[in-house]
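Notes follow once the structure below has been shown.
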Amino acid sequence: MCGRYSLTTPVEALRRVFGFLEQPNLAPGYNLAPTQGVAALRLGADGERHFARLRWGLVPAWAKDLSIGARMINARAESVAEKPAFRSRRCLVLADGFYEWRKRETAPKQPYRVTREDGGPFGFAGLWESWTDKGSGETVETCTIVTTEANELLTPIHHRMPVILAPEDVAAWLDAAASPEAAQALLRPCPAAVLVAYPVSTRVNKVANDDPGVIEPLEEGAPEETPKAQGRLL
DNA sequence: CCAGACGTTGTT
DNA sequence: GTCTGG
DNA sequence: CCAGACGTTGTT
DNA sequence: GTCTGG
């Protein structure tokens, strides 16, 4: 699954890689979590790619309130085609790393950060919807990240992973007019060789810890961190 | 016709 | 909203 | 994903 | 345990 990720790449570099029109202000996100506003791309009616901030956690149009979104943070690739709640429009959620927690027998879960081998940004296959509050009339755009089975790199850590689209597949995913069969075929684990994974501090567990420290590699075999060590700032 | 459901994750 | 069940 | 909350009564 | 919030 994918319940936490990072996007620290400067917006200029994102524009070069993904080719969207806008020049938004984008603060680095070391520890992005559900219900937060995240950076995404959508295909506009003009056929161009547009940047959008979407609330992470899909809220279907029929929902009574936003609370369902906290649980709709992922959509299984295996069920995207059938489930009514996921008959949504496609988007690309921009990232440069994601976190997975490996369960351990005795010790607490060990978090890992997974990035591209070259450190560059990438896009998760996403779905988005628009929800309007019946009372206030306020509209909120929300999104979810599609997941699939783990590839060889992720299997020792976790059995699911987000769908990471190869750059050449992004256009086919974003174009809702493209064949559903072609889009469905993109929802598979990316090659293990393009990714690397490394353990990070359990400081990432806490959403409020949104600082460069949470993406720093944790030294293997290092003694358990003390609360004092966890509290130090960089 | 109306009423009511509609979803994910995890489980080494 | 859209679909299923009654 | 993890962290943290999770409830009732009353209403002179 | 289950649910919500970030």
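Reckoned from all heavy atoms, side chains included, excluding hydrogens, waters and symmetry mates. Quick note on labels: first sequence line is chain A, next is B, and so on, each numbered from 1.
On the P atoms, D/dG7 is 12 Å away from E/dG5, given to the nearest whole Å. Separating the P atom of B/dT12 from that of D/dC2 is a span of 14 Å, rounded to the nearest Å. Atom name P, nucleotides D/dC1 and B/dG10: the rounded distance is 6 Å, in whole Å.
Distances shown here put every side-chain N or O of A/Lys103 at or beyond 4.0 Å from the OP1 or OP2 atom of B/dT11. Contact annotation: A/Thr147 reaches the phosphate of B/dT9 (side-chain N/O to OP1 or OP2, under 4.0 Å). Phosphate contact (OP1/OP2 of D/dA3, side-chain N/O of A/Asn205, threshold under 4.0 Å): present. Phosphate proximity of B/dT9 to A/Arg76: present, with a side-chain N or O under 4.0 Å from OP1 or OP2.
The side-chain hydrogen bond (donor to acceptor under 3.5 Å, both in side chains) check on A/Arg42 picks up A/Glu141, with sequence neighbours excluded. Every residue two or more places apart in sequence or in another chain that forms a side-chain contact (heavy atoms from CB on, under 4.5 Å) with A/Ala166 is listed here: A/Glu168, A/Asp169. Partners of A/Asp65 under the side-chain hydrogen bond (donor to acceptor under 3.5 Å, both in side chains) rule, at least two apart in sequence or in another chain, are A/Ser67. Applying the side-chain contact (heavy atoms from CB on, under 4.5 Å) test to A/Asn151 and every residue at least two apart in sequence or in another chain returns A/Leu153, A/Leu154, A/Met161, A/Pro189, A/Cys190, A/Ala192, A/Leu195.
Out of B/dT8, E/dG5, C/dG1, the shortest distance to the side chain of A/Ala70 is found at E/dG5. Candidate nucleotides B/dG10, D/dC2, E/dG5 were compared by shortest atom distance to the side chain of A/Ser67, and E/dG5 ranks first.
Note that OG1 of A/Thr147 and CZ of A/Arg160 are 4.0 Å apart. Values are rounded to the nearest 0.5 Å. The CZ atom of A/Phe124 sits 5.5 Å away from atom CD1 of A/Ile164, with the distance rounded to the nearest 0.5 Å. Note that CZ of A/Arg49 and CG of A/Leu92 are 7.5 Å apart. Values are rounded to the nearest 0.5 Å.
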Mind listing the side-chain donor-acceptor pairs of residues 1-11 of chain A below 3.5 Å, one per line with the distance, residues two or more places apart or on another chain?
unit_1: A/Arg4; atom_1: NH1; unit_2: A/Asn31; atom_2: OD1; d: 3.1
unit_1: A/Arg4; atom_1: NH1; unit_2: A/Val204; atom_2: O; d: 2.8
unit_1: A/Arg4; atom_1: NH1; unit_2: A/Asn205; atom_2: O; d: 3.3
unit_1: A/Arg4; atom_1: NH2; unit_2: A/Asn205; atom_2: O; d: 3.2
unit_1: A/Ser6; atom_1: OG; unit_2: A/Asp96; atom_2: OD1; d: 2.9
unit_1: A/Ser6; atom_1: OG; unit_2: A/Gly97; atom_2: N; d: 3.4
unit_1: A/Ser6; atom_1: OG; unit_2: A/Arg113; atom_2: NE; d: 3.3
unit_1: A/Ser6; atom_1: OG; unit_2: A/Arg113; atom_2: NH2; d: 3.0
unit_1: A/Thr8; atom_1: OG1; unit_2: A/Asp96; atom_2: OD2; d: 3.0
unit_1: A/Thr9; atom_1: OG1; unit_2: A/Asp96; atom_2: OD2; d: 2.8

Please set out all donor-acceptor pairs under 3.5 angstrom arising from side-chain atoms of residues 12-20 of chain A, sequence neighbours excluded.
unit_1: A/Arg15; atom_1: NE; unit_2: A/Glu22; atom_2: O; d: 3.0
unit_1: A/Arg15; atom_1: NH2; unit_2: A/Leu21; atom_2: O; d: 3.1

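No engagement by A/Ala61 is indicated, since no non-hydrogen atom pair under 4.0 Å with the nucleic acid exists. Within 4.0 Å of A/Arg102, counting heavy atoms only, lies no atom of the nucleic acid at all.
Look at A/Asp211 and A/Arg203 and you find a salt bridge, because one of the NZ, NE, NH1 or NH2 atoms lies within 4.0 Å of a carboxylate O, short of that distance.
Pairs of residues two or more places apart, or lying in two chains, never qualify as ring-ring contact (aromatic ring centres under 6.0 Å, His included) while including a residue from residues 26-45 of chain A.
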Find every protein N or O atom lying less than 3.5 Å from an N or O atom of nucleotides 4-7 of chain D, and list the pairs.
unit_1: D/dG4; atom_1: OP1; unit_2: A/Lys206; atom_2: NZ; d: 2.9

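Listed in residue order, the members of residues 152-159 of chain A having a heavy atom less than 4.0 Å from DNA chain B are A/His158, A/His159. Within residues 26-41 of chain A, no residue places a heavy atom under 4.0 Å from DNA chain B.
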Expected output check: what is the dot-bracket annotation of DNA chain B, where ( ) and [ ] are pairs inside the strand (brackets for crossing ones), | is paired with another strand, and pairs are Watson-Crick or G-U under 3.5 Å? ||||||......

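Hydrophobic clustering (side-chain heavy atoms under 4.5 Å, transitive across Ile, Leu, Val, Met, Phe, Trp, Tyr) keeps A/Val196 apart from A/Tyr99.
Here B/dA3 presents its P atom at 13 Å from NZ of A/Lys64, a figure rounded to the nearest Å. Look at CE on A/Met161: it is 15 Å from P on D/dC1, rounded to the nearest Å.
Side-chain contacts under 4.5 Å among hydrophobic residues (ILVMFWY), followed directly or transitively, place A/Leu54 together with A/Trp128.
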